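Only one structure is covered here, and it is reproduced in the block below.
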Amino acid sequence: MSIISTILSVLVALEFFYIMYLETFATTSDATSRVFNMTKEELKRGSVRTLFKNQGIYNGIIGVGLLYSVFLATASLEISRLLLVYIILVALYGSLTSDKKIILTQGGLAILALISTFF
């Protein structure tokens, strides 16, 4: 992988660690409320907190997978592309079902990283 692809993939991983932090550790924070456009009262509901924490773990695993693909995997390019395509598809689904800007906020950097892997 090129240095640009590596940098972009690491940035995507860091983005997913940040999402994990918001969902798992800072579930009821002002930042989480702002990022997910939910009131703090909604975020304090037990069912919402449980769902967020579960979702946060998945996002963290995606971040770990990307770091693994960049720094440890023998099939670095293939695994990175697979995870980036997955991220883009999930962002596309989120933009169709939840908020149109998700394709850019969650998927934008992944799109750039995926494109960079072809050069």
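Quick note: numbers below take in every heavy atom, side chains included, and nothing from hydrogens, waters or symmetry partners. Starting from 1, each residue takes its place in the sequence as its number. Just so it is clear, the model here is predicted, and its values are computed rather than measured.
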Audit row: Glu15, Leu11, side chain to side chain contact (heavy atoms under 4.5 Å, CB included) steps and yes/no:
CA-CA 6 Å; Glu15 176 185 22; Leu11 288 174; over 6 Å; no
Should we count OH of Tyr21 as having more than 12 external heavy atoms under 6.0 Å?
no
Atom CG in Leu8, atom OG in Ser80: separation rounded to 0.5 Å?
11.0 Å
Rounded to the nearest 0.5 angstrom, the CG-OG1 distance for Leu112 and Thr117 is 11.5 Å
Donor-acceptor under 3.5 Å (Ser33 side chain, Ser29 main chain)
no
Shortest non-hydrogen contact between Ala13 and Gly63, atoms and distance:
CB-O, 3.6 Å
When clusters are formed by joining ILVMFWY residues with side-chain heavy atoms under 4.5 Å apart, either directly or through shared neighbours, do Ile102 and Tyr93 land in the same one?
no
Check: Leu82 and Glu78 side chains under 4.5 Å, non-hydrogen atoms
no
If every non-hydrogen atom of Met1 is compared with every non-hydrogen atom of Ser76, which pair is closest and at what distance?
SD-OG, 3.6 Å
Taking C-beta and beyond as the side chain, do Leu67 and Val10 meet within less than 4.5 Å on heavy atoms?
yes
Atom pair OG/CD of Ser95 and Gln106 - distance to nearest 0.5 Å
9.5 Å
Check for me, please, whether Tyr58 and Val64 land in the same ILVMFWY cluster - side-chain distances under 4.5 Å, paths through other members count.
no
Could you tell me whether the side chain of Ile61 reaches within less than 4.5 Å of the side chain of Phe16, counting heavy atoms only?
no
More than 12 foreign heavy atoms under 6.0 Å from CZ of Phe119: is that the case here?
no
Test your reading of the model: is there a side-chain donor-acceptor pair from Thr28 to the backbone of Lys44, 3.5 Å cut-off?
no
Distance, nearest 0.5 Å, that separates CG of Leu109 from CG of Leu104:
11.5 Å
Could you grab the distance from atom OG1 of Thr6 to atom CG of Leu66, nearest 0.5 Å is fine?
11.0 Å
Residue Ile4 excluded, over 12 heavy atoms near CD1 under 6.0 Å
no
Determine whether Val35 and Leu51 fall in the same hydrophobic cluster, where Ile, Leu, Val, Met, Phe, Trp and Tyr are linked whenever their side-chain heavy atoms lie under 4.5 Å apart.
no
Would you say Leu89 ends up clustered with Ile87 if hydrophobic residues are merged whenever their side chains have heavy atoms under 4.5 Å apart, either directly or through other cluster members?
yes
Output for pair (Leu22 CG, Gln55 CD), nearest 0.5 Å, gives 11.5 Å
Would you please name every residue forming a side-chain contact (heavy atoms from CB on, under 4.5 Å) with Phe52, sequence neighbours left out?
Glu23, Thr27, Thr32, Phe36, Met38, Leu43, Val48
Evaluate the side-chain proximity of Val12 to Ile62: yes if any heavy-atom separation is below 4.5 Å, no if none is.
no
When every non-hydrogen atom of Ala31 is compared with those of Tyr18, the smallest separation belongs to CB-OH, 4.2 Å
Identify the heavy atoms of Leu114 and Leu84 that sit nearest to each other, and give their distance.
N-CD1, 3.7 Å
Can you list every salt bridge (charged side-chain N to carboxylate O under 4.0 Å, His left out) pair that touches residues 45-66, not counting sequence neighbours?
none
Shared hydrophobic cluster, Leu14 / Val70 (ILVMFWY, side-chain heavy atoms < 4.5 Å)
yes
